[in-house]
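Here the structure comes first, spelled out in structure tokens, and everything after it is commentary.
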There are 2 protein chains.
Amino acid sequence: MEIETKPNFKFINSMWENDYYSIHDKMYIATDCIIFGFDEGVLKLLIFKRKVQPDEGKFSLIGSFVKLNESVSSAANRVLEETTGLKNVFMQELKTYNAVDRDLGFRCISIGQYALIRIEDYDKDLVEKYGAMWYTFDELPDLVLDHNLMVKDAIARLRRKARYQPIGFELLPEKFTLPQLQSLYEAIYQREMDSRNFRKKVLSFGVLIKLEEKDKTSSKKGAFYYKFDNKKYNELLSKGINFEV
Amino acid sequence: MEIETKPNFKFINSMWENDYYSIHDKMYIATDCIIFGFDEGVLKLLIFKRKVQPDEGKFSLIGSFVKLNESVSSAANRVLEETTGLKNVFMQELKTYNAVDRDLGFRCISIGQYALIRIEDYDKDLVEKYGAMWYTFDELPDLVLDHNLMVKDAIARLRRKARYQPIGFELLPEKFTLPQLQSLYEAIYQREMDSRNFRKKVLSFGVLIKLEEKDKTSSKKGAFYYKFDNKKYNELLSKGINFEV
DNA sequence: ATTATTAACGTAAAAAATACATTTATTTTA
DNA sequence: TAAAATAAATGTATTTTTTACGTTAATAAT
């Protein structure tokens with residue numbers, strides 16, 4: 001380990017393990033996760049408060065260095081599991097953050113990845129242990145380094161992506177209702193939608209399966225549950241069909 | 001330099017200079033350029049024939065290791081200038097290629113970037129000196145490593161991107177005619193378009209400035225030149241307007 | 001049985017996309 | 001110098017998609 005050659009970066013000692021092979025005295029490769037969650041009609045972001053120097057007490061995205069023997073997405077999935085208990089989360093590469101001076105004194109390229117979490121699923125204990133928490137998207141505190149920019153880029157990507165891929169389903173439980181789906185899209189796009197037009201559109205894709213069961217938690221009448229027909233979706237995708245909502 | 005620690009990769013000696021700081025015995029960061037050009041109605045790709053082992057004689061994208069003191073896009077621009085003589089080419093990050101075993105025996109993450117070149121502009125001598133050449137997109141030879149995948153990803157991105165950003169203008173000369181612009185889009189989308197509808201649409205964005213001058217190289221009547229109104233475009237972009245053609 | 005609450009649904013109007021054929025400017029050739 | 005050849009420029013009618021908008025239905029709570 002070349003840690004000794006960088007006395008002003010002792011802080012990362014605590015984060016390092018001997019098998020973080022990407023840590024050397026030249027260039028560092030990391031990944032940061034922009035983790036969105038959707039809960040009670042609002043879009044949230046998973047961030048944590050740094051417990052070590054520098055920037056102790058400041059808020060940060062959850063990230064990790066990339067090990068020599070893992071892919072970038074493995075690294076992100078690893079840290080995500082450590083933080084939330086969730087495995088195999090849907091995750092997409094956002095872009096690299098590679099400005100020469102983006103980190104404090106050493107060269108580090110970070111590959112941003114955004115993830116969409118079903119908030120109900122995550123392991124509360126693990127999240128608390130790690131010091132991570134869900135923040136309402138509109139009320140985010142300031143983040144370290146270029147993490148604010150990452151969040152800005154990620155929400156822009158999410159909005160665009162949601163227009164041609166049914167990405168939003170990843171944010172909802174396996175079974176979801178149309179009102180839930182609509183409120184998710186409203187949260188992503190930050191605007192209200194007409195329920196009749198929304199239903200018409202979303203059902204017209206033919207990738208939703210209506211279930212017998214109803215969700216009665218939010219109304220007396222109850223709303224039918226739907227689930228996503230992955231097989232049908234992949235068929236349509238391969239034919240080049242657009243899923244713009 | 002840690003080259004000696006990797007005796008089986010002496011081949012890269014010839015490509016290395018002392019200031020390629022990203023070359024160490026742990027993880028390597030590179031960038032590869034997927035360079036599209038448009039010429040005489042066909043989409044082309046700039047590739048070169050490797051002159052060194054391994055894979056000598058095979059075709060490859062143009063790429064470089066990323067230096068410690070340069071951004072990824074600087075690295076790509078540097079190698080692009082070395083190869084084509086062009087500076088400040090419009091370039092966009094595609095995605096990272098980071099599979100653990102993607103390179104031959106050592107760990108190398110490559111950041112794919114795609115560029116759009118006005119073929120008329122490039123320095124023919126430089127391109128020839130370097131061994132690079134333009135290949136018609138539909139007739140590409142097999143490329144080394146995962147470069148075929150990069151090309152596949154890049155054309156898909158180009159097609160999608162062209163739908164909501166006037167990216168295509170980057171592929172044309174400063175002054176271009178509407179028939180040229182249409183034929184460019186036809187090449188990107190691989191389908192014919194109706195000229196009346198195309199003109200209607202493209203002019204409706206209000207980002208094209210009609211010039212007095214005509215291009216008479218392809219017809220007796222001649223076609224008016226247009227140029228792209230960058231200022232107007234940026235205004236509209238900030239208002240969130242879509243440029244789908 | 002009444003009230004309260006949210007889910008489910010259809011149609012008419014406006015806007016956008018598509019399909020389609022003729023005239024125009026200019027050069028070349030007879 | 002008139003005729004022919006060539007690609008550029010243009011408008012309208014039809015279809016499709018998007019938008020706007022109000023009423024009835026199912027159930028739980030009172």
Side-chain angles (χ1 to χ4, degrees), chain A residues 40-42 159 162-164 166 172-173 175-187 189-227 236 239-245, chain B residues 40-42 159 162-164 166 172-173 175-187 189-227 236 239-245:
Chain A
E40 292 167 14
V42 281
R159 287 199 179 119
R163 299 189 61 156
Y164 60 85
L172 292 169
K175 299 183 296 187
F176 53 86
T177 66
L178 291 188
Q180 280 174 342
L181 185 62
Q182 178 174 346
S183 105
L184 167 62
Y185 272 90
E186 288 176 337
Y189 290 143
Q190 310 258 60
R191 67 178 169 86
E192 297 206 337
M193 292 171 159
D194 180 272
S195 69
R196 286 156 295 188
N197 295 338
F198 181 82
R199 300 169 85 91
K200 209 184 307 172
K201 185 85 188 187
V202 89
L203 290 173
S204 75
F205 299 140
V207 296
L208 294 189
I209 299 168
K210 187 176 182 174
L211 306 177
E212 290 302 303
E213 200 183 346
K214 273 185 170 185
D215 166 35
K216 294 208 176 133
T217 59
S218 68
S219 86
K220 286 153 186 172
K221 180 179 180 180
F224 282 104
Y225 277 121
Y226 285 77
K227 66 176 186 179
L236 293 176
K239 287 183 198 153
I241 285 171
N242 251 35
F243 292 90
E244 186 152 341
V245 179
Chain B
E40 292 167 15
V42 282
R159 286 197 179 119
R163 299 190 60 156
Y164 59 85
L172 292 170
K175 298 184 296 186
F176 53 86
T177 68
L178 292 188
Q180 281 174 341
L181 185 63
Q182 178 174 345
S183 104
L184 167 63
Y185 272 90
E186 288 177 338
Y189 290 141
Q190 311 258 58
R191 65 180 169 86
E192 297 205 337
M193 292 172 163
D194 179 272
S195 68
R196 288 156 294 191
N197 296 338
F198 180 82
R199 300 170 85 91
K200 210 183 309 173
K201 184 85 190 188
V202 88
L203 290 174
S204 75
F205 299 141
V207 296
L208 295 189
I209 299 168
K210 187 176 183 175
L211 306 178
E212 290 301 304
E213 201 183 345
K214 273 186 170 183
D215 167 36
K216 296 213 173 124
T217 59
S218 68
S219 86
K220 287 155 186 171
K221 180 178 180 182
F224 282 104
Y225 278 121
Y226 285 78
K227 66 175 187 179
L236 293 175
K239 288 183 198 153
I241 284 171
N242 252 37
F243 292 90
E244 186 152 340
V245 179

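Since this is a predicted model, take the numbers as computed values, not measurements. Reminder, nothing fancy here: chain letters follow the sequence lines and each chain counts from 1.
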Legend entry - Residues which pass side-chain contact (heavy atoms from CB on, under 4.5 Å) with Glu186(A), listed by chain and number, not counting sequence neighbours: Gln182(A), Ser183(A), Glu192(A), Met193(A)

Inset, instruction - Round to the nearest Å and state the distance from Glu192(B) atom CD to dA19(C) atom P. - result: 13 Å

Inset, instruction - Rounded off to whole Å, could you give me the CZ-to-P distance for the Arg199(B) and dT23(C) pair? - result: 18 Å

Inset, instruction - For Lys175(A), enumerate each residue passing the salt bridge (charged side-chain N to carboxylate O under 4.0 Å, His left out) test, keeping only those at least two apart in sequence or located in another chain. - result: Glu213(A)

Inset, instruction - Treat primed atoms plus P, OP1 and OP2 as sugar-phosphate and everything else as base, then score nucleotides 22-30 of chain D 5' to 3': B for base contact with protein heavy atoms under 4.0 Å, S for sugar-phosphate contact only, - for none. - result: B--BBBB--

Inset, instruction - Quickly work out the Gln182(B) CD to dA9(D) P distance and round it to whole Å. - result: 11 Å

Inset, instruction - Under the side chain to side chain contact (heavy atoms under 4.5 Å, CB included) rule, what do Leu208(A) and Lys227(A) come out as? Steps first, then yes or no, please. - result: CA-CA 6 Å; Leu208(A) 294 189; Lys227(A) 66 176 186 179; over 6 Å; no

Legend entry - Protein-nucleotide distance (Phe198(A), atom CZ; dA20(D), atom P), rounded to Å: 16 Å

Legend entry - Toward the 5' end of DNA chain D, by each residue's nearest nucleotide, Pro179(B) or Asn197(B): Pro179(B)

Under 3.5 Å, which protein N or O atoms sit close to an N or O of nucleotides 12-17 of chain C? Give each pair with its distance.
from: dA17(C); atom 1: OP1; to: Lys201(B); atom 2: NZ; distance (Å): 3.0
from: dA17(C); atom 1: OP2; to: Lys201(B); atom 2: NZ; distance (Å): 2.8

Inset, instruction - Measure the distance from CG on Leu178(B) to P on dA9(D) and round it to the nearest whole Å. - result: 6 Å

Inset, instruction - Only counting residues at least two apart or in another chain, list the ones meeting side-chain contact (heavy atoms from CB on, under 4.5 Å) with Lys220(A). - result: none

Inset, instruction - Figure out the CG/P separation between Leu203(B) and dA8(D), and round it to whole Å. - result: 15 Å

Inset, instruction - Can you tell me the distance, in whole Å, between the CG atom of Leu181(B) and the C1' atom of dA7(D)? - result: 17 Å

Inset, instruction - Would you mind telling me which residue lines up with the more 5' stretch of DNA chain D, Asp194(B) or Thr177(B), judged by nearest nucleotide? - result: Thr177(B)

Legend entry - Pairs flagged by ring-ring contact (aromatic ring centres under 6.0 Å, His included) wherever residues 199-227 of chain A is involved - sequence neighbours left out: Phe205(A)-Phe243(A)

Inset, instruction - Output every pair passing salt bridge (charged side-chain N to carboxylate O under 4.0 Å, His left out) with a member in residues 193-209 of chain A, not counting sequence neighbours, ordered by first then second residue. - result: Asp194(A)-Arg196(A)

Legend entry - Spacing of Glu212(A) atom CD relative to dA7(C) atom P, expressed in whole Å: 19 Å

Legend entry - Test log, rule side chain to side chain contact (heavy atoms under 4.5 Å, CB included), inputs Phe198(B) and Leu181(B): CA-CA 9 Å; Phe198(B) 180 82; Leu181(B) 185 63; 3.9 Å; yes

Inset, instruction - Answer yes or no: does atom NZ of Lys214(A) have more than 12 heavy-atom neighbours from other residues, nucleotides or ligands under 6.0 Å? - result: yes

Inset, instruction - Please round to the nearest 0.5 Å and tell me the distance separating atom CZ of Phe176(B) and atom CG of Asp215(B). - result: 12.0 Å

